[in-house]
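Residue numbers start from 1 in every chain, and the chains themselves are labelled A, B, ... in the order their sequence lines are given, proteins ahead of strands. Because the structure is predicted, anything quoted here is derived from the model rather than measured.
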There are 2 protein chains.
Amino acid sequence: VTRSLVISIDAMGGDHGPPVVVPAVAQAAAKLGAEAPTFLLHGDPEALKSEIARCKTAARWDIRPAERVIASDEKPAVALRRGKGTSLWNAVEAVKGGEAGAAVSAGNTGALMAISRLILRMTGELERPPLVATWPGMKGVTTVLDVGANVDCDAARLVQFAIMGEAFHRAAHGVKAPTVGLLNVGSEDMKGHGEVREANRLMREGGFHLDYRGFVEGDDIAKNTVNVVVTDGFSGNIALKTAEGVARFVSGELRKELTSSLPAKLGAFLAQGALRRLRQTINPYAGAPLLGLNGVVVKAHGGTDVRGFAGAVLLAIDLARSGLVGEIDRNMKQLSLAVGPVGDSPVQGAVSS
Amino acid sequence: VTRSLVISIDAMGGDHGPPVVVPAVAQAAAKLGAEAPTFLLHGDPEALKSEIARCKTAARWDIRPAERVIASDEKPAVALRRGKGTSLWNAVEAVKGGEAGAAVSAGNTGALMAISRLILRMTGELERPPLVATWPGMKGVTTVLDVGANVDCDAARLVQFAIMGEAFHRAAHGVKAPTVGLLNVGSEDMKGHGEVREANRLMREGGFHLDYRGFVEGDDIAKNTVNVVVTDGFSGNIALKTAEGVARFVSGELRKELTSSLPAKLGAFLAQGALRRLRQTINPYAGAPLLGLNGVVVKAHGGTDVRGFAGAVLLAIDLARSGLVGEIDRNMKQLSLAVGPVGDSPVQGAVSS
């Protein structure tokens, strides 16, 4: 496919809007040079033009006026009813029509998820996109999902996450055949509750096109034992937030200890460049994909800076250029053969996290 | 109660046996001085006498010969059938007869749990003791349970953990009225799956003698938002192991960063005392109680050193001197009123972790 790629941007989303989004898109375009796609910027034309004027960039833009913006505290159900014509809605709609290969927004997470599901629909029999964490570890990053969207998960849903996470990891990190593990309280086949044991059986016997390695435990995430770790949204969310809390505690204790005496203070001063790099290693999250849609949508953090939003844009470009949606679809059909349809595709309201 | 306390010790358990256990008991006795209890040491009399001869201690001992030892890799079901007369079995049996106020063992976890359940029985309608973690945080420690024993938990079991964790935290940490939270993916009442929502309702309406504060999230553990965090053994085990992995990763990165350049190396050298203290803050785990039994049993880590085993002995003494078993019993009766009996008390085989 040599047709040039188009990326659709919600230019008004997030805490900062155009002053962060426009320089971020310019940064991503500069990084890709001649390989850069064209960008549709959905939002207030005046605000966008004045930001673009400030960037000395060769990026190709196309401004798409959108009058309204979805507030960060708008309920997803309200956003669904009244969201038409907003920058977020229009950004996603461009993907549906085929005009754009991917959409990026730093806007309201619940609204983005609900509107994406309404406009793009989920592939196969999925209900809602899992939340995906890109987790730093000793040998690289681990893709962990679901970290919060689907609190109740049966075995078939866990297999769906494996399918989506594997295709995502390949597209985002260039790993040809990502390895996949299922999070459990032990590695033997009889460990854990009924749903993980059944998912383990399905993964082994279902004939999927992926490299499944069996059960893994919590400490395997930071060890990068496998590329993709699959879990339900309840345990995954608890693991993620617990880990964030521990990382913050360890850093805080360190700061305290390193300023507790004169030699330690001097040591901390001398080591401060090293500590700054360490913090960046621990917080690399730029954007998260909404997986399982018939199209690529990337959510950037609401409070992200230029570098973070640029990272989300680059991720969207990688996903749009990969065979992500097709690969997921192929394994989803295999899952239907293995267990039959696993539920319809209702457009529900708020997500859990 | 002025009758002097007796603590029953499995002197052969753990990776090291008497060379660690005997000096550890002497250390605990020295710390308590005139308040020290009498110790029953179950094990090989010759080995014990030679270790005792090496310790210059005023501790009161009573050697109870036990011919056999349960191997660290013995299956719990086998240990149940053939464990009679071992140091572990006899240590627990002394609690049943009322001779000792508590038992301590660094032996095989699964065997200790199975034998304790057989000999002491669980209070109320409990099935098996939850695993308890003492989790360091910004303002002290949080008691977290279950971190692995009970993988499937309904609402009543979660309430049981709350009851046991609250009494444990009071006894172990001297907090008069420990606060309790239920681990979830959000703090609003409608968040999470059915069992946590029902447990939340029961905790609010059940009339228990404890200070329940509602849902908490993963990062609240390290923040010490509440004293006791309650969760099922699946999510709890994943959270604990994930956190251990992240703490190890953060420390490893730090070491790497701090030796990456000459100034950083110098900084690391100057700050090394601070870093050593930090590691101790992060790994304070000495012993874990087996809660919910009709008697106090403390499990020390198999590979623990003298300081660690002494900590487990001191914990056992605190628990034996507190009203732990009675307090748990009172709230368990309240739970029966609220939901009716919640299962009988089968003596099952292996535990999950």
Pairs in or reaching into residues 225-234 of chain A: which pass side chain to side chain donor-acceptor pair (under 3.5 Å), with residues at least two apart or in two chains?
-> A/Thr179-A/Asn227, A/Asp220-A/Thr225, A/Asp232-A/Ser235
Under 3.5 Å side-chain donor-acceptor pair for A/Asn224 and A/Thr142 | yes
Dump the intermediate steps for side chain to side chain contact (heavy atoms under 4.5 Å, CB included) on B/Arg157 and B/Asp152, then the final yes or no.
-> CA-CA 9 Å; B/Arg157 283 177 189 59; B/Asp152 282 306; over 6 Å; no
So B/Trp135 and B/Val141, side chain to side chain contact (heavy atoms under 4.5 Å, CB included) or not? Walk me through it.
-> CA-CA 5 Å; B/Trp135 197 302; B/Val141 295; 5.9 Å; no
Side chain, backbone, both or neither: which part of A/Ile221 has a heavy atom under 4.5 Å from chain B?
-> side chain
So which of B/Val196, B/Asn184, B/Thr242, B/Leu183 has the largest heavy-atom pair count under 4.5 angstrom toward chain A?
-> B/Thr242
If you count heavy-atom pairs under 4.5 Å between each of B/Gly233, B/Gly245, B/Gly218 and chain A, which one has the most?
-> B/Gly218
